[in-house]
Structures are given as structure tokens and as C-alpha cells.
Participant: 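My questions will all concern the structure given below.
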Amino acid sequence: GESVGLHLPTLSVQEGDNSIINCAYSNSASDYFIWYKQESGKGPQFIIDIRSNMDKRQGQRVTVLLNKTVKHLSLQIAATQPGDSAVYFCAENPSGTSYDKVIFGPGTSLSVIP
Amino acid sequence: GAVVSQHPSWVICKSGTSVKIECRSLDFQATTMFWYRQFPKQSLMLMATSNEGSKATYEQGVEKDKFLINHASLTLSTLTVTSAHPEDSSFYICSAPQVRSNQPQHFGDGTRLSIL
């Protein structure tokens with residue numbers, strides 16, 4: 001069936017460098033995507049979202065890029081800090097509504113090297 | 001801000017026991033809540049959609065008689081793992097969107113279930 005997947009299962013980054021986490025999705029009809037951060041033993045924490053009528057959205061130290069042509073999503077974290085170490089999931093909301101179910105990708109573990 | 005609370009945060013019990021997990025929306029109403037299961041080093045897999053005042057909707061492959069869901073009020077959904085076995089050991093997470101809100105849904109901090 002349709003799914004959301006990631007290219008890299010693990011990523012190690014030097015503190016202060018920028019991090020880029022990638023995600024491929026297969027449902028071309030999807031128009032709402034979310035990035036979550038999950039720390040050990042906790043639930044997912046919302047980072048940033050984007051709709052398909054945009055190709056870029058910025059938050060505090062984070063930027064999400066959406067390339068609908070190749071069905072690719074990325075999360076950029078600027079000046080990565082030790083507190084950014086976590087597992088990051090891209091997620092797809094098939095219905096496009098924020099109050100509907102969310103389908104998670106496999107996740108990328110980000111390790112920040114001090 | 002909106003908070004979703006799960007209880008208990010962890011539970012250890014013997015095989016064959018039934019375990020109830022609560023998911024509460026603390027300062028908002030949720031007509032729908034979602035239950036996910038997460039095995040170690042894996043992603044979250046949607047188990048079911050809990051609907052206030054009506055039957056839950058289960059994802060393919062999830063046994064409804066094994067995982068009983070009750071959504072009796074606008075702020076509480078419960079997941080009961082019946083006759084739990086070691087293979088049911090997992091991290092169970094709920095989420096809840098706010099009614100009439102365009103905000104992303106909020107997740108609880110999960111319940112670690114260990115069946116001996």
C-alpha cells in the first residue's frame with residue numbers, strides 16, 4: 001500500500017553543523033506532511049508541517065522542503081545542538097486535514113557529536 | 001497549550017492479564033483519538049481510530065477483540081489489551097486532534113507495556 005519512507009536510518013552530525021533528514025513518499029495525492037521529533041521514552045513532538053501548495057516552510061532553526069515532482073520531503077536543522085539528538089519521523093496525513101490519522105515513515109536517528 | 005496524557009506510563013504484568021491504558025485530553029475536547037503501537041527501533045503503526053460515542057475503527061491486521069477501545073467521553077479513550085502475551089509488549093501511544101482546530105494533533109508520552 002501507500003507508504004512514507006526515509007533514505008537514511010541513522011545520521012551523525014557535529015555540533016554546530018546543519019542536519020538534513022530526507023523522506024520519500026509514494027502517495028502522490030497527499031497534500032499535508034508533518035515532521036515529528038521523538039526522544040527516548042516519549043511520544044512524538046510536532047516540529048513543523050507543510051502543505052502541498054508550498055515548497056518551503058521555515059520555523060525556528062528548522063526548514064522543511066517539499067518537492068512534489070519527485071515526492072521528496074526534507075527537514076533541515078540549522079546549527080545542530082546536542083538537544084536535537086532524537087529520532088525524526090516524517091508523516092503523511094492522507095486526508096489533508098490536521099485532525100485525521102497520520103501515517104509515519106520509518107524514522108531517522110540523529111546523533112549530535114559534541 | 002493542549003496536552004494529551006496517558007496513564008500508566010509503564011506497566012509490567014504476567015501473561016494472560018488484561019491491561020487498560022487511558023488517554024486523556026486535558027484541556028480540550030477530542031471526538032476522535034488515535035492509538036499507535038511502536039516496537040523498539042521501529043516506527044509508529046496506527047492500530048485504530050477511537051470515536052466518541054461509537055465503535056472504533058481498526059486498521060487491517062489489528063484484532064478488535066484483542067485490543068478493546070472505548071471512547072466514552074470527549075476527553076477519555078481507553079485501550080484494553082486483553083489476555084496479554086509477551087508479543088504484545090510494546091510502546092503504546094495515543095494522539096488526539098482538537099475539535100474544530102486546524103492545529104496538528106497532540107501525542108501522549110506513551111505507555112510502556114511489558115508482559116512477562
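Note on naming: letters A, B, ... go to the chains in the order of the sequence lines (proteins, then strands), and numbering restarts at 1 for each one. All values reported here derive from a predicted model rather than from experimental measurement.
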Participant: List for me each residue that meets ring-ring contact (aromatic ring centres under 6.0 Å, His included) alongside Phe107(B), sequence neighbours excluded, and say none if there are none.
Facilitator: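 In terms of ring-ring contact (aromatic ring centres under 6.0 Å, His included), with neighbours along the sequence ignored, Phe107(B) is linked to Tyr36(A), Phe104(A), Tyr36(B).
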Participant: Decide if atom CD of Gln60(A) counts as having more than 12 heavy atoms of other residues, nucleotides or ligands within a radius under 6.0 Å.
Facilitator: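 No.
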Participant: Mind checking the CD-CD1 spacing from Gln105(B) to Ile34(A)? Nearest 0.5 Å is all I need.
Facilitator: 7.0 Å
Participant: With clusters defined by side-chain heavy atoms of hydrophobic residues (ILVMFWY) lying less than 4.5 Å apart, directly or transitively, does Ile115(B) cluster with Phe91(B)?
Facilitator: no
Participant: Would a distance-only check, ignoring hydrogens and angles, find a side-chain to backbone donor-acceptor pair under 3.5 Å from Ser43(B) to Gly105(A)?
Facilitator: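 Flag set: sc Ser43(B) to bb Gly105(A) pair under 3.5 Å.
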Participant: What part of Glu59(B) gets closer than 4.5 Å to chain A, counting heavy atoms only: side chain, backbone, both or neither?
Facilitator: side chain
Participant: If Ile, Leu, Val, Met, Phe, Trp and Tyr residues are connected whenever their side-chain heavy atoms lie under 4.5 Å apart, and connections chain through other members, are Phe33(A) and Met54(A) in the same group?
Facilitator: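 Linked, Phe33(A) and Met54(A) end up in one cluster.
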Participant: Examine Tyr58(B) and Phe34(B) and state if one hydrophobic cluster contains both, with Ile, Leu, Val, Met, Phe, Trp and Tyr joined whenever side-chain heavy atoms are less than 4.5 Å apart.
Facilitator: no
Participant: Can you list everything that forms a salt bridge (Lys or Arg N to Asp or Glu O under 4.0 Å) with Arg112(B)? Sequence neighbours excluded, please.
Facilitator: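 Checked Arg112(B) against salt bridge (Lys or Arg N to Asp or Glu O under 4.0 Å); zero matches.
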Participant: Counting only non-hydrogen atoms closer than 4.5 Å, does Gln38(B) touch chain A with its backbone (N, CA, C, O), its side chain (CB onward), both, or neither?
Facilitator: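 Only the side chain of Gln38(B) comes within 4.5 Å of chain A.
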Participant: Checking Lys68(A) now: which residues fulfil salt bridge (Lys or Arg N to Asp or Glu O under 4.0 Å) with it, not counting sequence neighbours?
Facilitator: none
Participant: Does Leu79(B) belong to the same Ile/Leu/Val/Met/Phe/Trp/Tyr cluster as Leu76(B), with side-chain heavy atoms less than 4.5 Å apart forming each link?
Facilitator: no
Participant: Flag the pair Ile93(B) / Gln38(A) as yes when at least one side-chain heavy-atom distance between them is below 4.5 Å, and no otherwise.
Facilitator: yes
Participant: Where does Gln45(A) contact chain B at under 4.5 Å (heavy atoms): side chain, backbone, both or neither?
Facilitator: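 Gln45(A) has no heavy atom closer than 4.5 Å to chain B.
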Participant: What residues of residues 44-52 of chain B make heavy-atom contacts with chain A at a cutoff under 4.5 angstrom?
Facilitator: Leu44(B), Leu46(B)
Participant: Are Val13(A) and Tyr88(A) joined in one hydrophobic group, where the rule is that I, L, V, M, F, W and Y side chains link up if heavy atoms are under 4.5 Å apart?
Facilitator: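 As far as the 4.5 Å side-chain criterion goes, Tyr88(A) and Val13(A) are connected within one cluster.
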